[in-house]
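What follows is a single structure, written as structure tokens, with notes after it.
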Amino acid sequence: MEHRAGRVLIPREEIAARTVDLGRALGRDFAGRNPLLVGVLKGAVIFLADLIRAIPAPIGIDFMGVSSYGATTRSSGAVRLTADLSVSIEGRDVIIVEDIVDSGRTLGYLRRNFATRRPKSLSVCVLLDKIERREVDVKLDYVGFVIPDRFVVGYGFDFGGLYRSLPDIHVLEPPPRV
Ligand code: PRP
């Protein structure tokens, strides 16, 4: 079946405005602490790139590769580490930056994994919260938007590897088969 990026769910202007809000909040909360922002590959790369430029304070960045969906559209339940951090987070104020929380399994895994590395603090900043689909209770400290249970593409979100580079967040049409 032919899929396409359908109606715009969140336009680029709203994403940009909300990202500025989140950046200001992070800049205020972590002033003088030089936090490390950890982007979760691949989807969060675009959000992270915009977010760091909205934080009016010194920060560091690193990346963690985690995959839970593989080529399918719904979480298989198994979280797989595909790339590890390049720096130690011991004693650092760490902020995990995610594009979306769905079942919560990926973030649950990351929180547990990071906690064993003894950071000074661990926070989570997520652009989209698909709260209706939560299976694992996971604490989110900064949330951009709560969205309904729709499959989204654009602004980092893909379907079969496509659409990540679109500037707006769209609903995939027709919806993928579960
Ligand atoms: C997506 C998303 C989160 C995870 C959320 O990643 O970026 O990491 O799924 O789902 P969950 O809350 O049900 O665990 P995906 O595996 O699609 O990889 P990608 O970021 O490379 O697209």
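In each ligand, atom 1 is the first atom listed, and ligand 1 is the first ligand listed.
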* Asked: Below 6.0 angstrom between ring centroids: does that apply to His170 and Tyr163?
  -> no
* Exercise: do Ser86 and Asp62 side chains pair donor with acceptor under 3.5 Å -> yes
* To do: Using a 4.0 Å heavy-atom cut-off, say whether Leu107 meets ligand 1 through its side chain, its backbone, both or neither.
  => neither
* Measure the spacing between CD1 of Ile95 and CD1 of Ile61 and express it to the nearest 0.5 Å. => 12.5 Å
* Which one of Gly156, Ser103, Gly108 has a non-hydrogen atom at the shortest distance from atom 11 (P) of ligand 1? -> Ser103
* Asked: What are the atoms of ligand 1, with element, lying closer than 4.0 Å to any heavy atom of Lys42?
  -> 19 (P), 20 (O), 21 (O)
* With backbone taken as N, CA, C and O and side chain as the heavy atoms from C-beta onward, which portion of Glu98 lies under 4.0 Å from ligand 1: side chain, backbone, both, or neither? -> side chain
* Structure fact -> Note: heavy atom closest to atom 5 (C) of ligand 1, options Leu128, Val40, Leu41, Ile100, belongs to Ile100
* To do: Heavy-atom contacts with Gly43 under 4.0 Å: which atoms of ligand 1 show up? List them by number with element.
  => 19 (P), 20 (O), 21 (O)
* Asked: Where's the contact between Asp102 and ligand 1, heavy-atom distance under 4.0 Å: side chain, backbone, both or neither?
  -> both
* Is Arg117 paired with Asp84 through a side-chain N to carboxylate O contact shorter than 4.0 Å? -> yes
* Would Asp50 and Tyr155 count as having a side-chain donor-acceptor pair, cut-off 3.5 Å? -> yes
* Subset of ligand 1 atoms that lie under 4.0 Å from at least one heavy atom of Asp158 -> 22 (O)
* Asked: Taking the non-hydrogen atoms of Arg164, is any one of them nearer than 4.0 angstrom to ligand 1?
  -> yes
* How many angstroms lie between NZ in Lys42 and CZ in Phe63, if you round to the nearest 0.5 Å? -> 13.5 Å
* Parallel, tilted or perpendicular, as decided by the 30° and 60° cut-offs, for the rings of Phe30 and Tyr142 -> tilted
